[in-house]
A.B. asks: 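So that we are looking at the same thing, I have put the structure below in structure tokens.
The figures that follow rest on heavy atoms only: side chains count, while hydrogens, waters and symmetry mates do not.
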Amino acid sequence: NKRRYILIGVILYLILLIVYAPASLIPWLLDKSGIAEISLHNTSGSVWNGTGQLVSMAGKNKAYRITQVDWNISAVSLLLGKLKAAVSFSDDALMGKTMLSVKPGGLLIENMNLGLPASTVAQLYKPAALLSPSGNITINSKMLEISKYSISGKARVQWLDAGSRMSSINPLGSYELNIVSNNKGD
């Protein structure tokens, strides 16, 4: 009978550790997962509902702050055995929101609506800095599935009022790229 109470106490303690897990665990989890390109800094809140600074680790020993990110993991989806989070980005460098779900072997991105200045691309992808792009980029998708070896779904990328320091004409216009892919690589 005494063992039963000890077991119940240990189980309740473990449940409380999970329920009150701090957001500072997420950068550690990202690091352990092998995702070296991005990280979270200055986290606050909990693993389930928190905020932090999304950082690109693309440069050699240099971190570039991308945006403020807020997340809220759905308790209902957890009860159904799924990990699903509403994610929003609220900064001049990246704005918007999406719904992320972790699936076996991949990630499901739903209802993605993002916007960023074209200059942000140059900060994340150094070869683009030569062009010094200007204008605004929007990325929209109802659904994208990403796995280790494939991407399937549809997305629309728009570069509005596109410009570059390499052109005497500014803006050059607006451009749209529609991406359609299935998991067969077509």
A.B. asks: Suppose the criterion is salt bridge (Lys or Arg N to Asp or Glu O under 4.0 Å): which pairs have a residue in residues 3-20, not counting sequence neighbours?
C.D. replies: none
A.B. asks: Taking side chain as C-beta onward, heavy atoms only, is Leu40 less than 4.5 Å from Leu54?
C.D. replies: yes
A.B. asks: Side-chain polar contacts of residues 171-178 - donor-acceptor pairs under 3.5 angstrom, sequence neighbours left out - could you list them?
C.D. replies:
unit_1	atom_1	unit_2	atom_2	d
Ser174	OG	Asp161	N	3.1
Tyr175	OH	Leu172	O	3.3
Glu176	OE1	Gln158	NE2	3.0
Glu176	OE2	Asn178	ND2	3.1

A.B. asks: Does the pair Val121 and Leu116 meet the rule for a side chain to side chain contact (heavy atoms under 4.5 Å, CB included), with working shown?
C.D. replies: CA-CA 8 Å; Val121 174; Leu116 63 149; 4.1 Å; yes
A.B. asks: Rounded to the nearest 0.5 Å, how far apart are CG of Leu108 and NZ of Lys84?
C.D. replies: 7.5 Å
A.B. asks: Please name the pair of heavy atoms, one in Ala93 and one in Pro117, separated by the smallest distance, quoted to 0.1 Å.
C.D. replies: O-CD, 3.6 Å
A.B. asks: Might you point out which heavy atoms bring Asn42 and Gln53 nearest each other, and give the distance in Å?
C.D. replies: ND2-CG, 3.8 Å
A.B. asks: Closest heavy-atom contact between Trp159 and Gly163?
C.D. replies: CZ2-O, 3.6 Å
A.B. asks: For Ser24, which residues count as a side-chain contact (heavy atoms from CB on, under 4.5 Å) partner, sequence neighbours excluded?
C.D. replies: Pro22, Thr43
A.B. asks: Test side chain to side chain contact (heavy atoms under 4.5 Å, CB included) on Val69 and Val87 and set out the steps.
C.D. replies: CA-CA 7 Å; Val69 61; Val87 180; 3.5 Å; yes
A.B. asks: Among Ile, Leu, Val, Met, Phe, Trp and Tyr joined by side-chain contacts under 4.5 Å, find the other residues sharing a cluster with Met99 and list them by chain and number.
C.D. replies: none
A.B. asks: With a 4.5 Å cut-off on side-chain heavy-atom distances among I, L, V, M, F, W and Y, is there a chain of contacts connecting Leu83 to Met143?
C.D. replies: no
A.B. asks: A side-chain contact here means heavy atoms from C-beta on lying under 4.5 Å apart; do Thr98 and Asn111 qualify?
C.D. replies: no
A.B. asks: Could you go through the side chain to side chain contact (heavy atoms under 4.5 Å, CB included) check for Ile73 and Leu78 one step at a time?
C.D. replies: CA-CA 8 Å; Ile73 295 177; Leu78 280 176; 4.1 Å; yes
A.B. asks: Under 3.5 Å, side chain of Ser141 to main-chain N/O of Lys154, donor-acceptor pair present?
C.D. replies: yes
A.B. asks: Can you tell me how far the CG atom of Asn140 sits from the CG atom of Asn113, to the nearest 0.5 Å?
C.D. replies: 4.5 Å
A.B. asks: State whether the number of non-hydrogen atoms from other residues, nucleotides or ligands found under 6.0 Å of Ile169 atom CD1 is greater than 12.
C.D. replies: no
A.B. asks: Out of curiosity, Ile26 CD1 to His41 NE2, how far, rounded to the nearest 0.5 Å?
C.D. replies: 13.0 Å
A.B. asks: Using every non-hydrogen atom in the two residues, find where Gly52 and Trp71 come nearest and quote the distance to one decimal.
C.D. replies: N-CZ3, 3.8 Å
A.B. asks: How far apart are the closest heavy atoms of Pro133 and Ala122, and which atoms are they?
C.D. replies: CD-CB, 3.9 Å
A.B. asks: Examine distances only and state if a side-chain atom of Trp48 and a backbone atom of Ser74 form a donor-acceptor pair shorter than 3.5 Å.
C.D. replies: no
A.B. asks: List, by chain and number, the other hydrophobic cluster members for Leu160, where Ile, Leu, Val, Met, Phe, Trp and Tyr join if side-chain heavy atoms come within less than 4.5 Å, directly or indirectly.
C.D. replies: none
A.B. asks: In Å and rounded to the nearest 0.5 Å, what is the CD1 to CG distance from Ile139 to Leu114?
C.D. replies: 5.5 Å
A.B. asks: Which atom pair, heavy atoms only, marks the closest approach of Leu25 to Ala21?
C.D. replies: CD1-CB, 3.8 Å
A.B. asks: Tell me, please, which residues at least two apart from Ser119 pass side chain to side chain donor-acceptor pair (under 3.5 Å).
C.D. replies: none
A.B. asks: Are the side chain of Ser164 and the backbone of Leu131 linked by a donor-acceptor contact shorter than 3.5 Å?
C.D. replies: yes
A.B. asks: Taking Ser181 for the side chain and Ile151 for the main chain, is one N or O donor matched with an acceptor at less than 3.5 Å?
C.D. replies: yes
A.B. asks: Run the side-chain contact (heavy atoms from CB on, under 4.5 Å) test against Val19 and tell me which residues pass, sequence neighbours left out.
C.D. replies: Ile15
A.B. asks: Mind checking what makes salt bridge (Lys or Arg N to Asp or Glu O under 4.0 Å) contact with Asp91, not counting sequence neighbours?
C.D. replies: Arg65
A.B. asks: With sequence neighbours excluded, tell me which residues meet side-chain contact (heavy atoms from CB on, under 4.5 Å) with Ser90.
C.D. replies: Gln68, Asp70
A.B. asks: In chain order, what residues pass the side-chain contact (heavy atoms from CB on, under 4.5 Å) check against Asn49, with sequence neighbours excluded?
C.D. replies: Ser46, Asn72
A.B. asks: Can you list, by chain and residue number, the hydrophobic cluster partners of Leu14 when the side-chain cut-off is 4.5 Å?
C.D. replies: Ile6, Val10, Tyr13, Leu17
A.B. asks: Which one of Glu110, Lys82, Glu145 satisfies the side chain to side chain contact (heavy atoms under 4.5 Å, CB included) criterion with Ser101?
C.D. replies: Glu110
A.B. asks: Cluster partners of Met95, using ILVMFWY side-chain heavy atoms under 4.5 angstrom, listed by chain and number?
C.D. replies: none
A.B. asks: Under a 3.5 Å cutoff, is there a donor and acceptor pairing between the side chains of Ser147 and Ser150?
C.D. replies: yes
A.B. asks: Leu7, Leu16: one ILVMFWY side-chain cluster at the under-4.5 Å cut-off?
C.D. replies: yes
